[in-house]
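These notes concern the structure reproduced below.
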Amino acid sequence: MSSKNSTFNQLFSIPVIVAALGYFVDIYDLLLFGIVRIPSLKDLGLNEAEVSTVGASILNWQMTGLLLGGILWGVLGDKKGRLSVLFGSILTYSLANLACGFVSNPEMYKLIRFVAGIGLAGELGAGITLVSESLPKHLRAIGTSLVAGIGLLGAVFAYFTVEIFEWRTAYFIGGGMGISLLLLRIGVFESGTFEAIKVHKHVQRGDFFSFFTNKNRFMRYLKCIAIGLPTWFVIGILTTFSNEFGKALGILDVKPGLSIMWCYVGLSIGDLLSGVLSHILHSRKKAVGIMMVFALFFAILYLFSGLKTSTQLYVGCLLMGIGIGYWAMFVTIGAEQFGTNLRATAATTIPNMVRGTVVIMTMLYGNLKPDIGVIYSGSIVGLICFIFGGIAIYTIEETHGRDLNFIEN
């Protein structure tokens, strides 16, 4: 009985709870612009054509912020500590989201969403790193999955917040939640694994370019990125453009915001499931492989089974979301692949590199669409993502049960 109580206490310790709540706020703010994009830009006086082009531009600015922020916070997490990122990142994006509530023109909107993107980039990687180094290795998979499973519900909260409140109020709520969370984080302690390495002054920490100076390290880094490609193919193409896929299938009443919400509900379920699978199978690779095949199967059904109604399409988004619910496991693999002196840099930059590939995916999808149509364009992009992801998870080194007290030379 005492053993069960000990396990429960460790899984719901302060680092896990704070990381989960932080990721909840992170996801809320990350997806909020996508949900309020049309009403907010119309409120600023833009017409239909301008909403489309300016909205895409603002999203690209946010994505650029994510890419740069991933490097910034990752390096800072290895040089100064995991807590510096947990505090700095949430303060940055919380203030940015409060500022979004006062935005008065599109140019200001771009700049503030760029700053928000920088802040949003640090939350997940730092949280997963801290939890991975704080929990015993036999609970690591379940702990990190709890962080993502709870955190991803921020997407659902964002959707219903926008349904109830005006878009400026939704930004104020996000910023307020972030500032409140800072108070909770005061009681969080730094990772003992990181503290142990700080005394070794000769160890170089947080060197982002070291991923590219060693062939073995570079291949590990690329494989970690490739594992995540199917997740953002489903989110960034199949779900985000669900209205286009719906139209191609003869379904005219699809709401992309609702598709995204159901996909994230599935993601939350899948993240909890992948942690349990990894724990039972004693393997990160097998758990992710099973989830990836599940996602591929339902992506094929989504595209080619002849869906007839928006309800069926939303169910497809839910099921694909469950399949790509290895997001936390994929970030955990990234953290476990690298030594303590590069762990935060890896865990923070890898998911943001994957997010950055959405720009390439959407460009390829958009260029193919005029010639071969929506369905086959999406299929080709998906095929590439799943092939790279499958090869990567098959060939990457197993990290289940790995002791994380090591450094990269």
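Because only heavy atoms are used, hydrogens play no part in the values below, and waters and symmetry mates are left out as well, while side chains stay in. Since this is a predicted model, take the numbers as computed values, not measurements. All residue numbers in this chain count up from 1 along the given sequence.
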Would you check if W327 and L124 make a side-chain contact, meaning some heavy-atom pair closer than 4.5 Å? yes

Would you call E397 and R402 a salt bridge, using N to O less than 4.0 angstrom? yes

Measure the CG-CG distance between D26 and L120 for me, rounded to the nearest 0.5 Å. 5.0 Å

Taking all heavy atoms of G175 and all of N97, pick out the closest pair and write down the distance. N-CB, 4.2 Å

Kindly give the heavy-atom pair with the smallest separation between R168 and V103, and that separation in Å. NH1-O, 2.9 Å

Looking at Y394, is its backbone amide N or carbonyl O close enough to the side chain of K285 to form a donor-acceptor pair, meaning the two atoms are under 3.5 Å apart? yes

Heavy-atom distance under 4.5 Å between the side chains of Y23 and L152, does that happen here? yes

Is a side-chain N or O of T169 found less than 3.5 angstrom from the main chain of F165, in a donor-acceptor match? no

Taking the side chain as everything from C-beta on, heavy atoms only, tell me whether L153 gets closer than 4.5 Å to F24. yes

Can you give me the closest heavy-atom contact between R113 and D29, atom names plus distance? NH2-O, 3.1 Å

Check: G119 main-chain N/O paired with T92 side-chain donor or acceptor under 3.5 Å: no

Do the ring planes of F212 and F209 sit parallel (below 30°), tilted (30 to 60°) or perpendicular (above 60°)? tilted

Can a donor-acceptor pair be found, under 3.5 Å and without considering hydrogens, that links the side chain of Q62 to the backbone of L30? yes

Would you check if the side chain of S268 reaches a backbone N or O of Y264 as a donor-acceptor pair within less than 3.5 Å? no

Inter-residue atom distance L44.CG - S40.OG, 0.5 Å rounding: 6.0 Å

Are more than 12 heavy atoms, taken from residues, nucleotides or ligands other than W61, located less than 6.0 Å from that residue's CH2 atom? no

What do you reckon, is CE of M108 surrounded by more than 12 foreign heavy atoms closer than 6.0 Å? yes

For W73 and A344, indicate whether the former's side chain and the latter's backbone hold a donor-acceptor pair under 3.5 Å. no

Aromatic rings F294 and F298: how do their planes relate, parallel, tilted or perpendicular, breaks at 30° and 60°? tilted

How about F172: does its CZ atom have over 12 heavy atoms from other parts shown lying under 6.0 Å from it? yes

Indicate whether any N or O donor in one side chain lies under 3.5 Å from an N or O acceptor in the other, for Q337 and T399. no

Minimal non-hydrogen separation, A170 against V162, with atom names: CB-CG2, 4.2 Å

Set of salt bridge (Lys or Arg N to Asp or Glu O under 4.0 Å) partners for K137, sequence neighbours left out: none

Close side-chain approach of D78 and T340, heavy atoms under 4.5 Å: no

Going by an N to O cut-off under 4.0 Å, is there a salt bridge joining R343 and E133? yes

For the pair F338 and Y221, name the ring-plane relationship: parallel under 30°, tilted 30 to 60°, perpendicular over 60°. perpendicular

Can you confirm whether K110 is buried at NZ, in the sense that more than 12 heavy atoms of other residues, nucleotides or ligands lie under 6.0 Å from that atom? yes

NZ/NE/NH1/NH2 to OD/OE distance under 4.0 Å, K369 and E244: yes

So, the side chain of D43 versus the backbone of P39: is there a donor-acceptor pair under 3.5 Å, distance only? no

M291 side, atom CE; S274 side, atom OG - distance, nearest 0.5 Å: 5.0 Å

For F388, is the CZ atom crowded, meaning more than 12 foreign heavy atoms sit under 6.0 Å from it? no

Answer yes if the side chains of D271 and S145 hold a donor-acceptor pair under 3.5 Å, and no otherwise. no

Check the angle between the aromatic planes of H400 and H282 and answer parallel, tilted or perpendicular using the 30° and 60° thresholds. perpendicular

Using atom types as modelled, flag every donor-acceptor pair under 3.5 Å from a side chain in residues 230-239 to any protein atom, sequence neighbours excluded.
| from | atom 1 | to | atom 2 | distance (Å) |
| --- | --- | --- | --- | --- |
| T231 | OG1 | G228 | O | 2.4 |
| T239 | OG1 | V234 | O | 2.8 |

Nearest non-hydrogen partners of L342 and F211, listed with the distance: O-CZ, 4.0 Å

Just verifying a value: how many Å separate I128 CD1 and T144 OG1, rounded to the nearest 0.5 Å? 5.0 Å

Side-chain heavy atoms of I384 within contact of L364, under 4.5 Å: yes

Could you tell me whether the side chain of Y365 reaches within less than 4.5 Å of the side chain of V374, counting heavy atoms only? yes

Sequence-distant partners of R37, salt bridge (Lys or Arg N to Asp or Glu O under 4.0 Å), two or more places apart: none

Whether Y171 and W167 hold their rings parallel, tilted or perpendicular, with breakpoints at 30° and 60°: perpendicular

Would you call the rings of Y28 and F157 parallel, tilted or perpendicular if under 30° counts as parallel and over 60° as perpendicular? tilted

Do C100 and Y109 make a side-chain contact, defined as non-hydrogen atoms from C-beta onward lying under 4.5 Å apart? yes

Give the minimum heavy-atom separation between K223 and I396, together with the two atoms involved. CB-CD1, 4.0 Å

Does L68 reach the side chain of L72, with side-chain heavy atoms less than 4.5 Å apart? no

Kindly say whether T345 contributes a backbone atom to a donor-acceptor pair with the side chain of T349 at under 3.5 angstrom? yes

With distance as the sole test, does N243 use its side chain to make a donor-acceptor pair with the main-chain N or O of V254 at under 3.5 Å? no

Testing the 3.5 Å rule here: is there a donor-acceptor pair between the side chains of S278 and R284? yes

